Amino acid sequence: MDFTTRVLNTPYNKSDIHGALRMPVYDTAAFEYPDAESLEAAFLNRKPGHVYSRLTNPTVEHLENIIKEVTGALGVISFSSGMAAISNTFFALVQPGDNIITTKHLFGNTYSLFHKTLKSFGIKFRFADLTDLTSVKGAIDKHTRAIFLETITNPMLEVADAGALSEIARENKILLIADTTLTPLYLFDSKKHHVDIEIISGTKYISGGGTSTGGIVIDYGTYDWSHSEKLSNDAKKYGHFTFIAKLRKEVHRNLGACLSPHNAYLQTLGLETFALRAERSCANSLEIAEWLEKHPKVGKVNYPGLKSSAYYNISQKQFGKYAGAIITLDLASKEECFLFLNNLKIIRRATNLNDNKTLALHPASTIFCEYTPEELVQLGVSENTIRMAIGIESARDLIDDINQALNKID
Ligand SMILES: *Cc1c(COP(=O)(O)O)cnc(C)c1O
């Protein structure tokens, strides 16, 4: 069955007593039991049942079940945001002295999580060029636990070869972890590319119009946990379910960054139209990127679906014709970028990605404002770059808006 058919037909664990056609929102903190024995059984996981919504909740579980159904994954756990999903994953997987191979060209807060927050817990991040396999192999040592990539990096829009990275990971018995926020589920098949753990910020495409924050961790069940120094003991008890058990029974529970039932409801609703919205916003992006390339005021246009992109071939191979919906374009200066942004009429000046509305911003002065000019160079963020997250309006209306704003620059 196709992606959307499966999203729409994932059954509830228990049908609603009123026969509601949609999973109800169980906005409750706790669940009552008829006797002490059944409450004990629920606490001990001897019987399926919810006890407290920080741990599990029926509406949240329904979202997780849909994602399990469409991915064929071993386990899915949702979080209050994409950052919560990433940080919980690393708190579950690594211990002081371990290192992770990644790139500096990451979503800004992820870089900050690695470079500042986790660093202070003794976790090291080794920054390599993930599009250069020799650089990746050279960075691995006996303390390396994982390779972490973004399928399309934000905002550099680099595309690494996930299949090739997975081979390196398997040869070294380490994990391949992919943040697929820019190309989740329908747009990139993590299972086919041998990703062990997939992380998605549900705030973006899945929420269905920037309605809510959320994060998802998907375990494909492909890693042999006896190879994990931190988790090999748990592996004796939990086998394939080691990581899911560690998260569910400890890290997710103790850090408390659970997805709220209402946001789970919004994200379930979002998933139902995700494929439709993704096709439209990706097709819009290609049309706009091709148009921008011909505009005299515009310098470099970056979009992995463009033939001029250094990542065109790998992008076609991994994502097919829908190469995400983020475009960057270079103008001559920061002043020109601001002039362009200030003259946009339909396109909104806002952060966030994969809203239904098209959003534009100047990354250097916003999401990367905490970094020095030297750090910005290292992170690959230029003062002359605009990022546009393309929505589902008509491409013609968007091009007209971009055109009139570009023409205000003289
Ligand atoms: C937005 C984003 C995140 C963080 O997600 P939040 O839901 O904002 O916490 C992580 N990775 C990527 C690639 C993102 O774009």
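FYI, side chains are in, hydrogens and waters are out, and symmetry mates aren't considered; it's all heavy atoms of this structure. Residue numbers count from 1 along this sequence. Model, not experiment: these values are computed from the prediction. Atoms within a ligand are numbered from 1 in the order they appear, just like the ligands themselves.
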| task | Starting at NZ of K236, measure out to OG1 of T242 and round the result to the nearest 0.5 Å. | result | 11.0 Å
| said: Going by side-chain contact (heavy atoms from CB on, under 4.5 Å), I152 matches just one of T183, D179, I326, L187. Which one? | reply: T183
| query | Of all the atoms in ligand 1, which lie at a distance below 4.0 Å from a heavy atom belonging to L353? | reply | 15 (O)
| N154 and E150, any side-chain heavy atoms less than 4.5 Å apart | yes
| note | Looking only at protein heavy atoms, what sits closest to atom 6 (P) of ligand 1 is G82 N, 3.3 Å
| task | Could you grab the distance from atom NZ of K124 to atom CG of L118, nearest 0.5 Å is fine? | result | 13.0 Å
| field | For atom 9 (O) of ligand 1, closest protein heavy-atom neighbour | value | M83 N, 2.8 Å
| Are any of the N/O atoms in E150 less than 3.5 Å from those in ligand 1? | no
| Would you say the ring centroid of Y205 lies under 6.0 angstrom from that of Y186? | no
| note | Counting from 1 in the order shown, the ligand 1 atoms closer than 4.0 Å to a non-hydrogen atom of K204 are 1 (C), 2 (C), 3 (C), 5 (O), 14 (C), 15 (O)
| Close aromatic pair by centroid cut-off 6.0 Å: Y26 and F31 | no
| remark: In this structure, atom 5 (O) of ligand 1 is nearest to the protein heavy atom S201 OG, 3.0 Å
| said: Does any N or O of ligand 1 fall below 3.5 Å from an N or O anywhere on T213, backbone included? | reply: no
| Between W225 and Y223, what is the ring plane arrangement, given parallel below 30°, perpendicular above 60°, and tilted in between? | perpendicular
| query | Nearest protein heavy atom to atom 12 (C) of ligand 1, by residue and atom, and its distance? | reply | D179 OD2, 3.4 Å
| said: Could you identify the single nearest non-hydrogen protein atom to atom 4 (C) of ligand 1 and state the distance to 0.1 Å? | reply: F107 CE2, 3.4 Å
| query | Considering only heavy atoms of T203, which atoms of ligand 1 have at least one such atom less than 4.0 Å away? | reply | 6 (P), 7 (O)
| Below 6.0 angstrom between ring centroids: does that apply to F125 and F148? | no
| Short list, please: which atoms of ligand 1 are under 4.0 Å from a heavy atom of N154? | 15 (O)
| field | Within reach of ligand 1, part of N109 (heavy-atom separation under 4.0 Å) | value | neither
